[in-house]
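What follows is a short report on a single structure.
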Amino acid sequence: MQEGAGHSAAPPSSSADRLRVLDVKPLRSLKPIFPPSNQAPPLVCASPHGPFPANYASFYPFYIPPLPPEPEPPEHPEMPPTWAAAAPTPIRSFTTPGSSDATEMENGDKEPLRAGRKRASPVRASGSSQKRGTKTSFVRTAGTFEIPMSSFDSETGNREMTNYVLTTFDGLRRRLSQWEDAKEAPGGIIRRADLKASNLLMTQGLRTNSKKRVGPVPGVEIGDIFFFRMEMCLVGLHTQSMSGIDYMMVRGEIEEEPIALSVVSSGYYDDDAEDKDILIYSGQGGAMSKPGKQASDQKLEKGNLALERSMHRANEVRVIRGIPDAVNPNSKVYVYDGMYIIQQSWMEKVKTGANTFKYKLVRIPGQPDAFGVWKMIQRWKEDLNSRSGLIIPDLTSGSENVAVSLVNEVDDEKGPSHFTYLSTLKYSRPFSVLHSSYECSCSNACKPGNLNCSCIRKNGGDFPYTANGVLVNRRPLVYECSPSCPCSPNCKNRVSQGGPKLRLEVFKTTNRGWGLRCCDPIRAGTFICEYAGEVIDKDRMKWKADEREIDEYIFDTSRVYAQFKWNYEAGLLDDENSSASSEEYGIPSPLYISAKEFGNVSRFMNHSCYPNVFWQPVTYGTSNESYLHIAFYAKKHIPPMTELTCDYGVVPEDSIGSAYRKRKCICGSLNCHGYFGL
DNA sequence: GGTCCTTCAAGGTT
DNA sequence: CAACCTTGAAGGAC
C-alpha cells in the first residue's frame with residue numbers, strides 16, 4: 001500500500017514581539033483565534049442567544065447550517081466524520097443578528113495587545129455591552145479544520161469535539177512550552193504550559209461534556225490516553241484538576257447525596273492496581289493529603305461519601321489508570337479503562353497509622369481491553385516468548401537502535417515479501433540539493449532562544465521541538481542540526497535522526513496486509529520514523545509509469561494530501577505579518593522515494609483517510625549539502641497497539657504517476673475519500 | 001457570587 | 001532516583 005506527499009511553499013514564521021501578550025496576568029487576552037484559511041471560505045459563527053446553563057459561558061465557535069443527510073454513526077471508533085464529509089459544499093457565512101459586528105475588546109482587556117490585532121483578528125467578543133453572565137456572544141471564524149463543525153455543544157460532546165478540543169489544547173500547550181524553553185516569555189514565566197493552555201480554553205468555554213454525567217462520556221473511548229489531567233477535564237472525562245474522585249450531587253431518598261462519577265488511580269495513595277480488572281482504591285483526605293502534617297483518619301465525606309453511596313446504588317464509575325510514562329519518566333500517562341462497579345468498601349489502618357477508606361472496584365465485563373493491553377505488553381517485555389504470533393524478534397536485524405518485531409496473530413503467513421532493510425534514505429546520485437548547507441557554531445547542545453544559532457535562525461527563530469522532543473508545529477520545512485554541526489550529538493534539534501526510538505511492530509492486519517503499530521503510548525507530535533528508501537528522479541518515475549511497473553512503495557511529495565490543521569493558530573501569538581505558522585509544506589522540487597527494494601518500517605504504514613500520523617519534510621546536511629527527509633510524527637495521542645496510518649495522498653491527474661490506477665480505500669472512516677493514489 | 005480550601009499535578013532541584 | 005519544594009488552578013463548600 002502506499003503513501004503520498006504534499007507540496008507548496010510558505011514563508012517562515014517570524015517571532016518578534018509576540019510575547020508581550022504574556023505580560024497580562026490573567027492572560028485572558030490569549031484567546032484562541034482561527035484565521036481564515038485560503039482553502040475554504042471563512043466560516044463565521046455566532047452563538048445563539050441562550051438560555052445557557054448557569055455554569056458556563058455561551059460559546060459557539062462554529063455554526064453550520066443544518067445538514068440534510070445525517071451521517072451514520074461511525075463504525076470504526078477511531079474514524080470520526082469530518083464536516084467536509086457531511087458538508088461537501090463550501091460552508092457559508094452565518095451570523096446571528098445582534099452579534100455581527102462587535103468591535104470592542106472583551107472586558108478585562110486593558111489595552112490592545114498588539115498592533116496587528118485589529119487587522120488580524122477575525123474574532124471578536126462583545127461581552128462588554130451586555131450583562132455578564134446572561135448573554136455573551138462570540139463571533140468566530142474557522143478555516144480548514146478537519147475538526148468538524150457540525151456541532152459544538154459544550155455540554156454534550158462527540159468524537160469530533162473531543163479531538164478538536166484536545167488538538168487545540170495540545171497545540172497551544174506545545175507553543176507555550178516552546179516559549180518557555182526559549183525563555184521568551186517576558187515577565188510571566190510559564191512554568192506550567194498545560195495549566196496555562198487549559199485555562200485559556202476553559203475561559204473561552206472551549207471544552208466539551210461540561211455537564212457531569214454517570215457512565216460513558218460521549219466522544220471518549222475506552223483505551224484513550226491522556227498526558228495531562230487537564231486534558232481529561234477539558235473533555236469531561238474527569239473534571240477535577242487534581243482530586244482523584246469526581247462526583248456530583250443527585251437526589252437521594254431523603255436528601256441530596258453525592259455519587260461518584262470517575263476516579264483516577266495514579267499511585268499517590270497506596271492503591272492496589274495490579275489486576276487488570278480489579279482496582280483497590282483509597283479514599284481521599286486524612287493520611288497523605290497534607291505532606292509534612294500528621295496523618296489523620298479519613299472522614300466519610302466528599303469523594304469518600306460519593307464512593308460509598310455509589311456502591312449502594314451500584315452505579316457505574318469510570319476508572320482512569322495513571323501509569324508512569326516510560327518515555328518521559330517525569331510524567332504519567334492516563335488510560336481510560338472504562339466502567340467499573342464498586343463491590344466492596346472497608347476501612348483499613350495504613351502504615352502511617354491513620355484509618356483509610358478502601359474501595360474495591362471491579363471492571364464490568366465485555367468492555368474492550370485498555371489497561372489490560374498495557375499489562376499484556378508488560379508481560380511481553382519480561383518474556384518475549386510469551387508473545388503470541390511472534391515471527392521475528394527484530395526484522396531490522398539490528399539496523400535500528402530499537403528492535404522491531406514481526407508478528408502475525410491472524411493467519412499463517414510468515415512475513416511480507418522480500419525487501420532489504422535500510423534505515424535511512426539512499427540518494428543514488430546527487431539530488432535535491434536544497435541550498436548550501438548550514439551549520440551552527442554551538443559548542444554544546446543548541447539552546448532554544450539562542451538566536452546566534454544559525455540552525456535555529458533557519459527555523460525562523462523557533463526551536464522546532466519542545467524539551468522532551470515533541471514537534472511543536474508543522475511547518476514548511478524543519479531544519480535540524482547536521483552531523484557536521486559542532487553541537488553535541490544529544491542536541492535536541494536532531495530528533496528525526498537516528499531512527500525510531502519507540503517499540504514499533506510490523507503485524508498482519510485482518511484485511512489490508514501488513515501494517516505498523518507501536519507498543520508504546522505515543523504523544524502527539526512525537527517522531528515515529530522517517531520514510532527510508534531509494535530516492536528516485538523524475539525520469540525514473542516516468543519510466544515506471546510508462547512501463548506500468550507497479551510500485552506500491554512510492555512516496556511522492558507532489559501528490560495532493562488532505563488538508564488538516566494541527567498547529568495552534570492564534571493570530572495573537574505570532575507577529576502580525578506572519579500568516580501565523582504555516583502548515584503548508586515548502587519543498588523546492590518534488591521528492592520521490594521508492595521503498596520497494598530498500599526500505600524501513602515506514603513502508604508498512606497503511607493509508608487512512610483519518611490518519612493518526614502525518615509526514616513533515618525535514619532537512620539536515622551531510623558534508624556540504626543538505627538533503628531532504630520525510631519524517632512521520634504522531635498527529636494525536638496514540639494508545640499502544642493502535643495501527644499507525646497516514647494519508648497516502650492522491651496523484652494529480654496530470655502528474656507522472658497518474659498512469660497508476662487509483663486504489664480503493666478501505667480505511668472505513670466516515671470521511672473516507674473512497675480511494676487513494678497509487 | 002466571592003473567598004477559602006482541598007486536591008492521587010507537573011516540574012524542577014537536591 | 002526518591003524525596004522534597006514550588007507553583008498552580010478547578011471546583012466544591014460555605
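Naming convention: chains lettered A, B, ... in sequence-line order (proteins, then strands); numbering from 1 in each chain.
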Considering all heavy atoms of both residues, which atom of A/Y336 and which atom of A/V319 are nearest to each other, and what is their separation? CD1-O, 3.6 Å

Audit row: A/K636, A/T167, side-chain hydrogen bond (donor to acceptor under 3.5 Å, both in side chains) steps and yes/no: CA-CA 7 Å; A/K636 53 185 181 175; A/T167 300; over 6 Å; no

Rounded to the nearest angstrom, tell me the gap between atom NZ in A/K302 and atom P in C/dA13. 7 Å

Please determine whether a side-chain nitrogen or oxygen atom of A/K196 lies at a distance below 4.0 Å from atom OP1 or OP2 of C/dT7. no

Please answer whether B/dC8 and A/Y281 are stacked, defined here as ring centres separated by less than 5.5 Å and planes angled under 30°. yes

Between which residue ranges does DNA chain C form stems of three or more consecutive Watson-Crick or G-U wobble pairs, both distances under 3.5 Å? B:2-7 with C:9-14, B:9-14 with C:2-7

N/O (side chain, A/R207) to phosphate O (OP1/OP2, C/dG11) under 4.0 Å: yes

List for me each residue that meets ring pair (Phe, Tyr, Trp, His ring centres under 6.0 Å) alongside A/F527, sequence neighbours excluded, and say none if there are none. A/Y633

How long is the line joining CZ of A/F169 and P of B/dA10, in whole Å? 9 Å

Between protein and nucleic acid, restricted to nucleotides 2-6 of chain C and to nitrogen or oxygen atoms under 3.5 Å apart, what atom pairs and distances do you find?
none

Side chains of A/E480 and A/Y465: closer than 4.5 Å at any heavy-atom pair? yes

d(CG, A/L279; P, B/dC8) in whole Å: 14 Å

How would you list, by chain and number, every residue that makes a side chain to side chain contact (heavy atoms under 4.5 Å, CB included) with A/L384, sequence neighbours excluded? A/L390, A/P393

A/M249 CE to C/dG12 C1', in whole Å, measures 10 Å

List in chain and number order the residues that pass ring pair (Phe, Tyr, Trp, His ring centres under 6.0 Å) with A/W380, two or more places apart in sequence or in another chain; answer none if no residue qualifies. none

Let me know the distance between CZ of A/F228 and C1' of C/dA10, rounded to the nearest Å. 17 Å

Could you give the CG-to-C1' distance, from A/N199 to C/dT7, as a whole number of Å? 14 Å

Tell me: CE of A/M230 to C1' of C/dT7, nearest whole Å? 15 Å

Of A/G283 and A/D181, the one whose nearest nucleotide on DNA chain B sits closer to the 5' end is A/G283

Which nucleotide in B/dA9, C/dG8, B/dG11 has an atom nearest any side-chain atom of A/S266: B/dA9

Mind checking what makes ring pair (Phe, Tyr, Trp, His ring centres under 6.0 Å) contact with A/F227, not counting sequence neighbours? A/H637

Check: residues 326-334 of chain A side-chain donor-acceptor pairs under 3.5 Å, at least two apart:
{"from": "A/S331", "atom 1": "OG", "to": "A/N328", "atom 2": "O", "distance (Å)": "3.2"}
{"from": "A/S331", "atom 1": "OG", "to": "A/R523", "atom 2": "NH2", "distance (Å)": "3.3"}

Which pairs, with at least one residue in residues 318-328 of chain A and sequence neighbours excluded, count as a salt bridge (Lys or Arg N to Asp or Glu O under 4.0 Å)? A/R321-A/D337

Sequence neighbours excluded, which residues qualify as side chain to side chain contact (heavy atoms under 4.5 Å, CB included) partners of A/P500? A/E400, A/L504, A/C529, A/V601

When you measure from every atom of DNA chain B, which of residues 239-247 of chain A have a heavy atom less than 4.0 Å away? A/M242, A/S243, A/G244

Taking atom P of B/dA9 as reference, at what distance in whole Å does atom CZ of A/R173 sit? 17 Å

Without swapping roles, check the side chain of A/N459 against the backbone of A/I456 for a donor-acceptor pair under 3.5 Å. no

Can you name the side chain to side chain contact (heavy atoms under 4.5 Å, CB included) partners of A/R191, sequence neighbours left out? A/I189

Quick check: does any side chain N or O of A/R207 sit under 3.5 Å from a backbone N or O of A/L234, one acting as donor and the other as acceptor? no

What closest approach, in Å, do A/Q284 and A/G303 show between heavy atoms, and which atom pair accounts for it? OE1-N, 2.9 Å

Measure distances between side-chain N and O atoms of A/R192 and base N and O atoms of C/dA9, and say whether any donor-acceptor pair falls under 3.5 Å. no

Please list, in numerical order, the residues of residues 323-335 of chain A that have a heavy atom closer than 4.0 Å to any atom of DNA chain B. A/S331, A/K332, A/Y334

